[in-house]
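Below you'll find the structure, written out as structure tokens, and then a few comments.
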Amino acid sequence: MKKEGKERKGLSRQAKTNLVGYSFILPNIIGVCAFTLFPMVFALIISFTDWDYTKGIGNWNFIGIQNFVDMWSDEWFTSALVNTIVFAVGVVPVTVFLAMVLAVIIDNYCFAKLPIRLALFMPYVSNIVAVAIVWVMMYSPWGPFTQLVKALGVENPPQWLGDTHWALPAIMLMTVWSGVGYAVMIYTSSIQGLPKDVYEAADIDGAGAVTKFFKLTIPFLSPTTFFLIITTFITSFQVFGQIQIMTRGGPGTSTNVLVYYIYTSAFTFYRMGYASAMSWVLFALLFIVTIIQWRGQKKWVSY
């Protein structure tokens, strides 16, 4: 009887311990349900409606998959999707490769390593509105980019953010500049753990810096590279702040990206159902990228 009483007492203590643990994570669970799961389910429901949120909740008509069908004949949507893909394809490889090169150079050849890394990281943690406004002034007719082009002998330099051909590349350049510092910090932490004996053996064999970079550093950093490619790609697909501040999707549709078009459809044209349908298409695209990540992870990290 005493043994049974002890077991019950032990179970009671375990239950109390579990209750304390669950109480600590309960606020986080409530936050995830309230601000992530519920909005996702609600957006899925209204994506099958023609809801205009200015008319109140529940004042909608069920139209099935019509929103998902209509978007592919919408020139604004297809243009936004193409611009988003071009933006991601242009930003991701440049950011990742440039960060890898900078991380290796700083680690091997720089003396004030920490201040340099902090200087590169500052744009990433700075307010996107402030950063975008500074770059708008840099692209202005009296800004450094225009003055540099004039100094090189070009009489009529492009208007950058006002030019349909240059607006998106200009924003891509700003995005690479602001995001490369984060990738450098990630690469730096990985470089610190590389096997030094392998590099010493390469030095004995007479391998140069370039050979070691391509034959050793790049393969050793492949897991980190894969992680940065996936995260940077997802971030590029969700670009919004710099578009909103710098161009508002213009000129024309040259910088109209998917997230910005979702925003304007919902809060400018009041087509909340249509915007929700596009947001789920964006979710599907990012989900596909995640599946590719899981499928290709073993191949990338094997070296």
Close side-chain approach of F87 to I171, heavy-atom, < 4.5 Å = yes
Assess whether atom CD1 of I291 is packed by more than 12 heavy atoms of other residues, nucleotides or ligands within 6.0 Å.
-> yes
Under 6.0 Å between the ring centres of W76 and F269?
-> no
Answer whether the closest heavy-atom distance between the side chains of Y270 and K55 falls below 4.5 Å.
-> no
Apply side-chain contact (heavy atoms from CB on, under 4.5 Å) to the pair W177 and W135, showing each step before the final yes or no.
-> CA-CA 11 Å; W177 173 83; W135 276 78; 3.3 Å; yes
Inter-residue atom distance L216.CG - L221.CG, 0.5 Å rounding | 10.5 Å
Do F68 and F48 make the cut of ring centroids closer than 6.0 angstrom?
-> yes
Search all heavy atoms of L168 against all heavy atoms of S254 and return the closest pair with its distance.
-> CB-O, 3.8 Å
Rounded distance [0.5 Å steps], CG in L120 versus CG in L118 = 9.0 Å
Does the side chain of I29 come within less than 4.5 Å of C33's, by heavy atoms?
-> yes
Got more than 12 heavy atoms from elsewhere within 6.0 Å of CG, L152?
-> yes
The reported gap from CD1 in I25 to OH in Y22 (rounded to nearest 0.5 angstrom) is 6.5 Å
Should the heavy atoms of other residues, nucleotides or ligands under 6.0 Å from CD of E75 be counted, would the total exceed 12?
-> no
Of the non-hydrogen atoms in T84 and S236, which two are nearest, and what is the gap between them?
-> CG2-O, 4.4 Å
K113 atom NZ, over 12 foreign heavy atoms within 6.0 Å | yes
Determine whether the aromatic ring centres of Y182 and F121 lie less than 6.0 Å apart.
-> no
Between I46 and M272, the two heavy atoms sitting closest are CD1-CG, 3.6 Å
Would V86 and V89 show up in the same hydrophobic cluster when neighbours are defined by side-chain heavy atoms closer than 4.5 Å?
-> yes
Spell out, yes or no, whether F287 and I234 are grouped together once hydrophobic residues are joined by side-chain heavy atoms under 4.5 Å, including indirect joins.
-> no
Would you find a donor on one side and an acceptor on the other, under 3.5 Å apart, between the side chain of Q147 and the backbone of P141?
-> yes
Give the C-alpha distance, both sets of side-chain angles, the deciding distance and a yes or no for side-chain contact (heavy atoms from CB on, under 4.5 Å) between Y124 and V180.
-> CA-CA 8 Å; Y124 179 78; V180 73; over 6 Å; no
Which word best sums up how the rings of W51 and Y53 line up, parallel for under 30°, tilted for 30 to 60°, or perpendicular for over 60°?
-> perpendicular
Has the side chain of N83 got a donor or acceptor atom that lies under 3.5 Å from a matching backbone atom of L258?
-> no
Do the side chains of V125 and M185 join up, straight or via other hydrophobic residues, at under 4.5 Å, putting them in one cluster?
-> yes
side-chain contact (heavy atoms from CB on, under 4.5 Å) between I186 and L228, worked out | CA-CA 8 Å; I186 299 297; L228 286 173; 4.1 Å; yes
Any F62 side-chain heavy atom under 4.5 Å of I45 side chain | no
Option passing side chain to side chain donor-acceptor pair (under 3.5 Å) with Y187 (candidates T217, T224, T225) | T225
Would you tell me whether W160 and T146 have side-chain atoms, one donor and one acceptor, within less than 3.5 Å of each other?
-> yes
Per the side chain to side chain contact (heavy atoms under 4.5 Å, CB included) rule, which among N256, T175, V257, V259 passes with I243?
-> V257
For the atom pair CE (M138) and CD1 (I133), what is the distance rounded to the nearest 0.5 Å?
-> 14.0 Å
What are the two closest heavy atoms between A275 and A266, and how far apart are they?
-> CB-CB, 3.7 Å
Should we say atom CD of Q238 is surrounded by more than 12 heavy atoms from elsewhere, each under 6.0 Å from it?
-> yes
Would you call K212 and D205 a salt bridge, taking side-chain N to carboxylate O under 4.0 Å as the test?
-> no
When rounded to the nearest 0.5 angstrom, what distance separates CE in M71 from OG in S265?
-> 9.5 Å
Heavy-atom side-chain contact between V20 and K16 under 4.5 Å | no
Please determine, by modelled atom types, if D74 and Y261 share a side-chain donor-acceptor pair under 3.5 angstrom.
-> yes
If you measure from CD1 on I106 to CG on L114, what distance do you get to the nearest 0.5 Å?
-> 10.5 Å
Does a donor on one side chain sit under 3.5 Å from an acceptor on the other, for Y260 and T255?
-> no
Would you say N67's side chain and S47's backbone share a donor-acceptor pair under 3.5 angstrom?
-> yes
If you look at every heavy atom in A167 and L161, which pair is closest and at what distance?
-> CB-O, 3.8 Å
So F220 and Y199, would you call those rings parallel, tilted or perpendicular, with 30° and 60° as cut-offs?
-> tilted
F35 reachable from L44 in the ILVMFWY side-chain graph, under 4.5 Å edges = no
Donor-acceptor under 3.5 Å (T188 side chain, V184 main chain) | yes
What is the ring orientation for W280 with F283, classed by angle as parallel under 30°, tilted 30 to 60°, or perpendicular over 60°?
-> perpendicular
Worked verdict on V239 versus T235 for side-chain contact (heavy atoms from CB on, under 4.5 Å) | CA-CA 6 Å; V239 60; T235 303; over 6 Å; no
Heavy-atom distance under 4.5 Å between the side chains of M100 and F213, does that happen here?
-> yes
Are F267 and I262 linked, directly or through other ILVMFWY residues, by side chains that come within less than 4.5 angstrom of each other?
-> yes
Is the number of heavy atoms from other residues, nucleotides or ligands under 6.0 Å of F240 CZ greater than 12?
-> yes
Closest non-hydrogen atoms of K196 and I191, given as atom of the first, atom of the second and distance, are NZ-O, 4.2 Å
F233 side chain near V91 side chain, heavy-atom distance below 4.5 Å | no
Are side-chain heavy atoms of V136 and Q242 found at a separation under 4.5 Å?
-> no
Side chains of D50 and Q66: do they bring a donor and an acceptor to under 3.5 Å?
-> no
Identify, with sequence neighbours excluded, every residue that meets salt bridge (Lys or Arg N to Asp or Glu O under 4.0 Å) alongside D163.
-> none
